[in-house]
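All values reported here derive from a predicted model rather than from experimental measurement. The chains referred to below are lettered A, B, ... by the order of the sequence lines, with proteins before strands, and numbering in each begins at 1. Computation of the quantities below employed the complete heavy-atom set of this structure, encompassing side-chain atoms and omitting hydrogens, waters and symmetry-equivalent molecules.
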Protein chains: 2
Amino acid sequence: MYLRYLEELDGSGQHTASSDALATLCGTTPAQVRKDLSFFGSFGKRGLGYPVHELTVRLREILGLGQAWQVVIVGAGKIGSALAEYRGFRQRGFQVVGVYDKNPDKIGRPWGDAAVRDITELDHDIATQRVDIAVLAIPADDAQEIVDRVVQAGVRAILNFAPTQVHVPAHVAVKTVNMAMELEGLSFALTNRAD
Amino acid sequence: MYLRYLEELDGSGQHTASSDALATLCGTTPAQVRKDLSFFGSFGKRGLGYPVHELTVRLREILGLGQAWQVVIVGAGKIGSALAEYRGFRQRGFQVVGVYDKNPDKIGRPWGDAAVRDITELDHDIATQRVDIAVLAIPADDAQEIVDRVVQAGVRAILNFAPTQVHVPAHVAVKTVNMAMELEGLSFALTNRAD
DNA sequence: GTGTGTGAACGACTTCACAGCC
DNA sequence: GGCTGTGAAGTCGTTCACACAC
């Protein structure tokens with residue numbers, strides 16, 4: 001989050017930014033900003049603030065954004081297709097190297113300069129080319145099976161859009177995005193708001 | 001999350017579930033389950049566990065899922081369109097009552113039995129029909145402006161897919177889903193993993 | 001015996017507040 | 001005077017452990 005706003009400031013020619021300024025942008029507190037950043041080092045100058053450009057460079061390094069991570073998307077439905085063409089990914093160095101589906105109607109359908117591939121080829125493809133991250137845009141019932149397979153094939157990071165909890169060994173990182181659950185959270189907020 | 005798994009258990013004819021069983025399903029701990037549920041009441045029976053069906057009913061009430069919330073989607077790009085047709089929403093009682101865009105090429109394009117509407121009509125439409133939740137699938141630069149407008153028009157809950165922090169008055173609930181940021185979190189995990 | 005509900009202990013994260021440097 | 005970096009204090013959430021109910 002800090003990186004996003006620092007890049008914005010950097011783009012607008014800002015050379016320096018105080019914890020106060022960053023806090024306002026990010027919707028947090030100055031003390032929080034200072035503690036967070038100090039975890040990784042002493043970047044700021046007392047009386048001045050943080051050097052914007054320098055800090056963006058350091059944060060990119062810390063986040064590992066120096067390299068182009070290779071991503072496969074599993075599930076060529078509405079969400080999967082939207083993700084496959086989402087610009088934000090490539091812009092930030094995430095290369096979509098393949099889209100997979102199990103539905104014969106969808107396999108072979110053109111996608112970019114390539115085509116949607118058969119999910120049965122996924123294991124082989126992961127073994128052949130490097131795949132760093134698997135994005136799952138599939139039904140809940142299929143999620144755990146696919147997770148097991150990509151983990152078995154060597155993938156160490158998963159972004160899961162299936163509305164279910166998935167279980168992985170400790171060395172694998174998972175982030176789950178559950179849109180229906182987010183909406184239910186809003187439903188709760190609306191129901192229990194202090195009118 | 002508990003509701004999701006309780007429904008599954010209910011569907012499979014399970015009458016009762018222990019905090020231990022729920023914890024395993026949800027990837028948490030038994031103590032956590034008991035504390036969470038006890039916040040809303042004493043649902044369980046000692047020595048038995050929680051009554052599955054009864055608890056799903058109560059949780060739906062608590063979450064406010066009894067009524068059909070009306071949702072508008074702003075932004076008819078890839079993500080917005082995917083969301084507009086996402087079944088999970090309607091299944092859980094969220095009715096998409098309109099899709100809006102500012103791009104003349106997209107306005108009027110068919111969507112369901114209706115069409116994508118001009119974003120300038122949004123304020124008027126919200127005033128005319130009830131709109132409970134606005135889902136934002138638009139570029140970061142447009143997000144705050146649209147937020148201000150829908151809040152002004154009376155919307156009290158926002159699901160934000162724009163990759164930016166948005167600021168709202170205290171009575172408005174916002175959930176932000178930032179997919180690029182999730183991927184960057186995975187990049188960090190991959191970079192700093194204990195190989 | 002089994003498994004909840006819950007105060008008490010614990011741990012993690014946030015905020016405070018100020019010394020130190022620009 | 002302004003603003004960071006950071007121990008100390010405070011707060012919040014999680015885990016423990018056990019009395020109690022079934």
Side-chain angles (χ1 to χ4, degrees), chain A residues 1-3 5-6 9-10 13-59 61-63 165 167 170 173-176 181 185 188-189 192 194, chain B residues 1-3 5-6 9-10 13-59 61-63 165 167 170 173-176 181 185 188-189 192 194:
Chain A
M1 189 170 62
Y2 297 134
L3 177 57
Y5 288 102
L6 284 164
L9 291 171
D10 195 23
Q14 201 76 204
H15 286 212
T16 195
S18 68
S19 57
D20 228 319
L22 287 172
T24 307
L25 284 171
C26 300
T28 179
T29 65
Q32 186 70 66
V33 173
R34 295 203 296 277
K35 260 284 193 297
D36 286 346
L37 295 177
S38 76
F39 181 79
F40 294 105
S42 296
F43 306 118
K45 286 209 177 5
R46 299 175 189 218
L48 263 172
Y50 295 90
V52 171
H53 184 73
E54 213 175 303
L55 190 49
T56 63
V57 172
R58 273 301 282 133
L59 285 181
E61 272 171 41
I62 290 165
L63 290 172
Q165 187 71 24
H167 303 269
V174 180
K175 299 242 173 194
T176 293
M181 213 147 107
F188 178 69
N192 300 73
Chain B
M1 190 170 60
Y2 298 133
L3 177 57
Y5 288 102
L6 285 164
L9 291 172
D10 195 22
Q14 200 77 205
H15 286 213
T16 193
S18 67
S19 57
D20 228 320
L22 287 172
T24 306
L25 285 171
C26 300
T28 178
T29 65
Q32 185 72 66
V33 172
R34 295 202 297 275
K35 261 280 194 294
D36 286 347
L37 295 177
S38 75
F39 181 80
F40 294 107
S42 296
F43 306 117
K45 287 211 175 6
R46 302 179 187 215
L48 263 173
Y50 296 89
V52 171
H53 185 72
E54 214 176 300
L55 190 49
T56 63
V57 173
R58 274 300 284 133
L59 285 181
E61 272 172 42
I62 290 165
L63 290 171
Q165 187 70 24
H167 303 269
V174 181
K175 299 242 173 194
T176 293
M181 215 147 105
F188 178 69
N192 301 72

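At least one side-chain heavy atom of B:Phe43 sits less than 4.5 Å from a side-chain heavy atom of B:Arg58. No side-chain heavy atom of B:Asp20 sits less than 4.5 Å from a side-chain heavy atom of B:Val33.
The two residues A:Leu22 and A:Leu6 make their nearest non-hydrogen contact at CD2-CD2, 3.8 Å. Nearest heavy atoms, A:Ser19 versus A:Arg34: OG-NH1, 3.2 Å.
For the OP1/OP2 pair of D:dT15 and a distance below 4.0 Å, the side-chain nitrogens and oxygens of B:Gln32 include at least one atom meeting the criterion. An OP1 or OP2 oxygen of D:dG5 is reached within less than 4.0 angstrom by a side-chain nitrogen or oxygen of A:Tyr50.
Within residues 15-27 of chain A, no residue has any heavy atom under 4.0 Å from DNA chain C.
Tested against A:Leu3 for a side chain to side chain contact (heavy atoms under 4.5 Å, CB included), the candidates A:Ile62, A:Leu55, A:Asp10, A:Thr56 yield a single pass: A:Thr56.
Environment of NE2 in B:His167: crowded, with over 12 heavy atoms of neighbouring residues, nucleotides or ligands closer than 6.0 Å.
Atom CG in A:Asp36 sits about 13 Å away from atom P in D:dT4, given to the nearest Å. For B:Leu48 and C:dT2, the CG to P distance is 13 Å, given to the nearest whole Å. Atom CZ in A:Phe39 sits roughly 13 Å away from atom P in C:dA12 (whole-Å rounding).
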Please list each protein N or O that sits under 3.5 Å from an N or O in nucleotides 6-11 of chain C, with the distance.
unit_1, atom_1, unit_2, atom_2, d
C:dG7, O6, B:Lys35, NZ, 3.0

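Checking A:Lys45 against A:Thr29, the closest nucleotide of DNA chain C that is more toward the 5' end is the one next to A:Thr29.
B:Tyr2 places no side-chain N or O within 3.5 Å of a backbone atom of B:Asp36 that could act as its donor or acceptor partner. In this structure, A:Thr16 contributes its side chain and A:Pro51 its backbone to no donor-acceptor pair below 3.5 Å.
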